[in-house]
Amino acid sequence: MYILGLAGLLIDGAACVVDAQGRVVVAVEEERPTRVKHASIRFSGGLPYRSLDLCLKTAGLSWKDIGHVGYFFEPWRELRRMCGFRFRKAWRAPHVAAYYAAYQLDCLRGHLAVPRMLSLQKGYGAEFHYLSHHLAHAASAFYVSPYDSAAILVMDAMSERESISFFHGEGTQIKLIKRHDFPHSWGFLYSLFTQYLGFRPNSDEYKVMGLAAYGKPTFLAEITRMIRLQPTGEPKLDWSYFDPAFRGPAYFSRKFYQTFGPPRERDEPVTERHQNLAASIQRALEVSALTLAEDLHGLTGSTRLCVAGGVGLNCLMNSRLLLESPFSEVFVPPGPHDAGCAMGAALLVAHQQLQRPRGHAMSTAGLGPEYSDAEIRATLEACKVSFSHSAHIEEDVADLIARGQIVGWFQGRMEWGPRALGYRSILADPTRPEMRDRVNAIIKYREDFRPFAPAVLAEAATDYFLDIKESPFMLFVARARPEQAAKIPSVLHVDGTARLQTVDQAVNPKFWRLIRAFADRRGVPMVLNTSFNVQGEPIVAAPRDALRCFFASGLDALAIGDYLLRKPTV
Ligand SMILES: [Fe+2]
């Protein structure tokens, strides 16, 4: 008997399979097989069909093997919340309230259609469970953490009602401790600022985080006033800064623009004001999160913290929680965002409902599909590309990177979560100062203020970085040791920090051997590691995606399984 988890009606659709022992068997985000970023259940026509198929195929299962389905949302609860909130605002603009009511009913229809659509699958006869969204987030972190007992902080844009929740996990049980409801939401506010600064909301929040390092938090006092930061850390929005009917997509009032200035257009140059605004909203989030953590620590007495929800992708916040909060250990799973709720929902059914014991802690994000050398070779031959077989692919790739080439690295099981962690990565030499601009110019086509990350051998991380000992899922930042900073210019941000990934030999031996081989050549035990995609596309999933990205970009070489492809000009 297996348990299927599903998530992401409107954004970040995903599927996950957990076995009867409570172990994660496979997890895939819908965006990877559909090749559309943040593809949702709705985008795919009512179910995350492609990730579902990929999960069943990877696990070698059919529909009749699925005994239970955990779904990431309780739709009726949301309808009550939205109707109540919108009705309170309706006297300001009844047509806006009517629009949102119709929208919510449409969402409700989408949620209710999922079990009906599943029942149309041949051989399907599973029990369906609607589960609380924040509880699914909490489960996605706690059940795969190494902790028997921990406090859990969930922060996202919105769920059925809550936007910030405190939980306490003990063994197989997770209990709600406290909640703060929408619209007083950090995820929502950060997305609004992302849009206001000229980036795409629910997608480009990490750009605001990257931009923050360039600015000073000169707007912190104004933002603190706007969010009316409470003594226990939660925001309580001052409505005078927002549209009276709380109408999207901007949601702001004239007072907001008078205070913070006009919004930035998407193609407008980034100015010092934009940098300062980014630094201010980032600082306000960190201050709020640290205060929330104190409150959570006081309520639970725990010294261990799990973080989940989309705000958990904010690695600056995570690092401050680790270094400055009362918690001595912090765990953030590789998929803390909404897609992660597919895993959380399946694990909730396994542990809370079926009382199965917990499986092992998650050490790897390599939980997606894998392609054998025979499958890869068949694709290469079908595409009529020239390639060679390598008996020592790690050594050959280390040679290429050390010579200044940029290499696509497609190996093993695809990553779960938005970070490339050495399974679907683009790799380059971190010691060359020009590499950051080269990777940006010929492959990533992205803003020059965004940093690249280092993947460093776990045992050597503290030789190069301060404060952080491990960061296997690239969700913490660390300061480079001053004496080492000059050696790794292309992976350090303007403030001397890096969003590092620590690579453990036992977890990803092939990637570890590659970095070790590179260290033998250049004396530095790390490589520049960025996701294997071009801007605007999801990370590559299958060999054909890797070939498309290789030939449609300035990549110099591609290491796919044990096969090596090189451009004719290099
Ligand atoms: Fe969420």
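Numbering of ligands and ligand atoms starts at 1, following listing order. The analysis underlying the following values was restricted to heavy atoms, covering all of them including side chains, and did not include hydrogens, waters or symmetry mates. Positions are given from 1 along the sequence.
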> If the Fe ion (ligand 1) is the vertex, what is the angle to NE2 of H137 and OD1 of D338, rounded to 10 degrees?
Replying inline: 90°
>> I'd like to know: is the Fe ion (ligand 1) within the 2.8 Å range of an N/O/S atom from H134, strictly under that distance?
In response: no
> Among pairs that include at least one residue of residues 343-354, which meet side-chain hydrogen bond (donor to acceptor under 3.5 Å, both in side chains), considering only residues two or more places apart or in two chains?
Replying inline: H129-Q353
> Which value, rounded to the nearest 0.5 Å, describes the distance between I152 atom CD1 and S145 atom OG?
Replying inline: 7.5 Å
> Would H133 count as a contact for the Fe ion (ligand 1), in the sense that one of its N, O or S atoms lies under 2.8 Å from it?
Replying inline: yes
> How would you list, by chain and number, every residue that makes a side-chain hydrogen bond (donor to acceptor under 3.5 Å, both in side chains) with E329, sequence neighbours excluded?
Replying inline: R304
>> Within the 3.5 Å criterion, strictly below it, is a donor on S165 or E162 matched to an acceptor on the partner's side chain?
In response: no
> For the Fe ion (ligand 1), which N, O or S atom of D156 is at the shortest distance?
Replying inline: OD2
